[in-house]
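Each chain gets a letter, A, B and so on, in the order its sequence line appears, and its residues count up from 1.
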Number of protein chains: 2
Amino acid sequence: MEMKNITISDIAEALNLSRSTIDRVINNRGSVAKETQKKVLDYIEKNDYKPNRAAKHLAKMTNCTIGISYYLPEKFAAQIKTGIEDVYQELKGYGLNLIIKEASSFAEQIDQIKEMKSKVDGLMVAPWSPKKTNSLINKFIEDKIPVVTFNRDAPESNRLFYFGCDYFKAGRISGELIKKITLTAGKIAIISNDDDLVGKSRVQGFYSILKENTFHQIIGPFTVYDHFGISDAYTQKDVNYIKKIIEDNPDLKAFYVVNQSLYLVARVVKEMGKKDQIKVIGFDLFDNFIPFLEEEVIDAVICQEPYSQGYFPVKILFEILVEDREVEKSEFITRLEVVLKENLNYYHNYHYL
Amino acid sequence: MEMKNITISDIAEALNLSRSTIDRVINNRGSVAKETQKKVLDYIEKNDYKPNRAAKHLAKMTNCTIGISYYLPEKFAAQIKTGIEDVYQELKGYGLNLIIKEASSFAEQIDQIKEMKSKVDGLMVAPWSPKKTNSLINKFIEDKIPVVTFNRDAPESNRLFYFGCDYFKAGRISGELIKKITLTAGKIAIISNDDDLVGKSRVQGFYSILKENTFHQIIGPFTVYDHFGISDAYTQKDVNYIKKIIEDNPDLKAFYVVNQSLYLVARVVKEMGKKDQIKVIGFDLFDNFIPFLEEEVIDAVICQEPYSQGYFPVKILFEILVEDREVEKSEFITRLEVVLKENLNYYHNYHYL
DNA sequence: TTGTACGCGTTATCAT
DNA sequence: ATGATAACGCGTACAA
């Protein structure tokens, strides 16, 4: 309704001062007498003045460019991009510009970041190799260009904050889940590939839950490269490898798969008709996992809010850049989402804006 | 950086027209020659003009009041209010005002809604009794005051949309979960109270999953009133009632609790030392559930994004009111979140902004 | 059909 | 220490 908010001019008029003085007090720029300061502050308190954010944006001609760099599995990136797209739609009208660079190798990512240096006011990066990106990140920081990480952290750099998953905790909840759904004693096979940092944490977290558990015996890790999840890329050899694990271990009760080869494992489990005997758990929601979740060949996947990983870092970084927002946390850890057949549809390309 | 966005004036200058003409084209207000229209449209397309949202807000003196009404368990409302608080902080600077009315009875809720009619530009309501609120909602709509529902829908009214949980689906995923974690054949006891609409849907959904399942026998529903979740309010009689269910059914494998008496059930299960034999599943995350989840007396609860139920409806309604946003959907269904011990902390008062 | 001119609330520059 | 004034980009009433 017409609950007209009071403005700086209103205050000025009421106190017989000029707008400039009020402005000085509000944004404490100094050069104002103690008494007047107090008078103004009191008035503001009493009449609950709210600065008009629109007018602020306008006057400041807020206009900033955020660079985004990542080297991630295509389908996963797509989910993050949905979040980026939404926040862009929301904030472009307030002066947000984006430069998005998708790398197809780590070397390329480094080059792309370097190239952005002169073009952006802030950087948001998912460093493929954190250790090898630290110094580059720090260079940005030295030049007063804020950097935040998402999806993958570079904790040893001077980035402002990390927005993403705690992969160790992700491993723990998988452990809890497998404990809860695996009905009888037996073996659990871990599938991973050893040059995968993320997978390594997921395995460690898993161990941390299951180590005191004598009910299950953990075998592996068995190495399966996930070919970035491309269904066709798996060879008969890959299939046989999984098959052999199943055949060699008649008391196998579950697969714990930390990379995208979850698709392969599910396929083999299904083909061998082992769906009811062997539980399958993995991570993230890729298109080729969906049918297996629907048939309950895959019992559950743990997700990590990919949408939010795109949406929030941009939003927060924008506020830092144009409104001097102070960030209180150095880590924003995304929720660990347990996705089963019946809530699957809420996690597959699902968002509100 | 200085990627200055182009403005209406820029366009006007470039095409030797006045700003008004450009404005007419952009907001197609008519009264503009076909050719000029095309010229302008082309130019806009080529130079990707983005309207400056801040300037728009400012010029329109956007200032609107949204009324919020609910009659909900206190602790649940608190979680929703966190979302409301955040969106208020975000939008108050753009002219958003809120009138929040918490009722302590349905009759009071109706009164409060009526009283708001003359004071708000839009209404957001969680109707305790949808059927008895329909006509009131429709009165708002007739007077051009948009109404949206949250947490509880009034599908037969003319509300613009509902933002909240699908309680039937929530029952289904509980069913799936209980199937997955209940190791051996036996009984599952349902706890509810029959005047609870939400609980009724949760029970129906549960049945829809478990009806073809011969492995488990469902008993109940047993009626337990939840005293709005106040721990002290449970009597010895309540305790004995749960106890008796356990004693009478030695092959009881799980409790499925659809109201806040989940606390009571968990307490009794724990006290009787039945934690490992009897699974316990319920809904929402109330403070007095937490310790039981940590000890795995309660195996899981299903949550429904309470934070989002506060945040998004306000945000969307605001955009409808001040920016004529069109709403494409009539339902925004919140995710069903599976909360276990290991991801508990992400769902208990957890948000990013 | 098109153009002019003022105001929205704030910031910033230049006087006093 | 305080005040006047011109932007910022857009909407709108009014004039041509």
Could you tell me the separation between the [atom1] atom of [X] and the [atom2] atom of [N], rounded to a whole number of Å?
{"X": "A/His57", "N": "C/dC8", "atom1": "NE2", "atom2": "C1'", "result": "16 Å"}
{"X": "B/Asn28", "N": "D/dG11", "atom1": "CG", "atom2": "P", "result": "12 Å"}
{"X": "A/Ile11", "N": "C/dT10", "atom1": "CD1", "atom2": "P", "result": "8 Å"}
{"X": "A/Glu13", "N": "C/dT10", "atom1": "CD", "atom2": "P", "result": "14 Å"}
{"X": "A/Ile22", "N": "D/dA4", "atom1": "CD1", "atom2": "P", "result": "12 Å"}
{"X": "B/Tyr94", "N": "C/dC8", "atom1": "OH", "atom2": "C1'", "result": "15 Å"}
{"X": "B/Arg53", "N": "D/dC10", "atom1": "CZ", "atom2": "P", "result": "14 Å"}
{"X": "B/Asn27", "N": "D/dG9", "atom1": "CG", "atom2": "C1'", "result": "13 Å"}

Next item on the list: With DNA chain C as reference, determine whether B/Met61 or B/Gly30 sits nearer its 5' end, using the nearest nucleotide of each.
Entry: B/Gly30
Notebook entry, point to check: Taking the nucleotide of DNA chain C with the closest heavy atom to each, which residue, B/Leu58 or B/Val32, is nearer the 5' end?
Noted result: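 That would be B/Val32.
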Ignoring hydrogens and geometry beyond distance, is the side chain of [X] in donor-acceptor contact with the base of [N] at under 3.5 Å?
{"X": "A/Arg19", "N": "C/dT10", "result": "yes"}
{"X": "B/Arg24", "N": "D/dG11", "result": "no"}
{"X": "B/Arg29", "N": "D/dG11", "result": "no"}
{"X": "A/Ser20", "N": "C/dT11", "result": "no"}
{"X": "A/Thr21", "N": "D/dA1", "result": "no"}

What pair of heavy atoms forms the shortest contact from [X] to [Y], and how long is it?
{"X": "A/Cys165", "Y": "A/Gln309", "value": "N-NE2, 4.1 Å"}
{"X": "A/Cys64", "Y": "A/Leu321", "value": "SG-CD1, 3.8 Å"}
{"X": "B/Ala77", "Y": "B/Leu72", "value": "CB-CB, 4.4 Å"}

Please determine, for the side chain of [X], which listed nucleotide ([options]) has the closest atom?
{"X": "A/Lys60", "options": "D/dG11, D/dT2, C/dA12", "value": "C/dA12"}
{"X": "B/Ala59", "options": "C/dT11, D/dG11, D/dT2", "value": "D/dG11"}
{"X": "A/Ile8", "options": "D/dC10, C/dT2, C/dT11", "value": "C/dT11"}
{"X": "A/Asn52", "options": "D/dT2, C/dG9, C/dT11", "value": "C/dG9"}
{"X": "A/Leu17", "options": "D/dA1, D/dG3, C/dG3", "value": "D/dG3"}

Look at all strands and tell whether [X] reaches a base, only sugar-phosphate, or nothing, counting heavy atoms closer than 4.0 Å.
{"X": "B/Asp23", "value": "base"}
{"X": "A/Asn16", "value": "sugar-phosphate"}
{"X": "B/Thr7", "value": "sugar-phosphate"}

Next item on the list: Give a yes/no on whether any side-chain N or O of B/Tyr49 is located under 4.0 angstrom from OP1 or OP2 of D/dC10.
Entry: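 For B/Tyr49, the contact criterion (side-chain N or O under 4.0 Å from OP1 or OP2 of D/dC10) is met.
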Next item on the list: Answer yes or no: is there a side-chain heavy-atom contact under 4.5 Å between B/Phe163 and B/Asn151?
Entry: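 B/Phe163 vs B/Asn151: side chains apart.
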Check: Do the side chains of B/Glu102 and B/Tyr70 get nearer than 4.5 Å, heavy atoms only?
Finding: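 Contact flag for B/Tyr70/B/Glu102 side chains = yes.
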Check: Taking the six-membered ring for Trp, are the ring centroids of A/Tyr94 and B/Tyr94 within less than 6.0 Å of each other?
Finding: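 Yes, ring centres under 6.0 Å apart.
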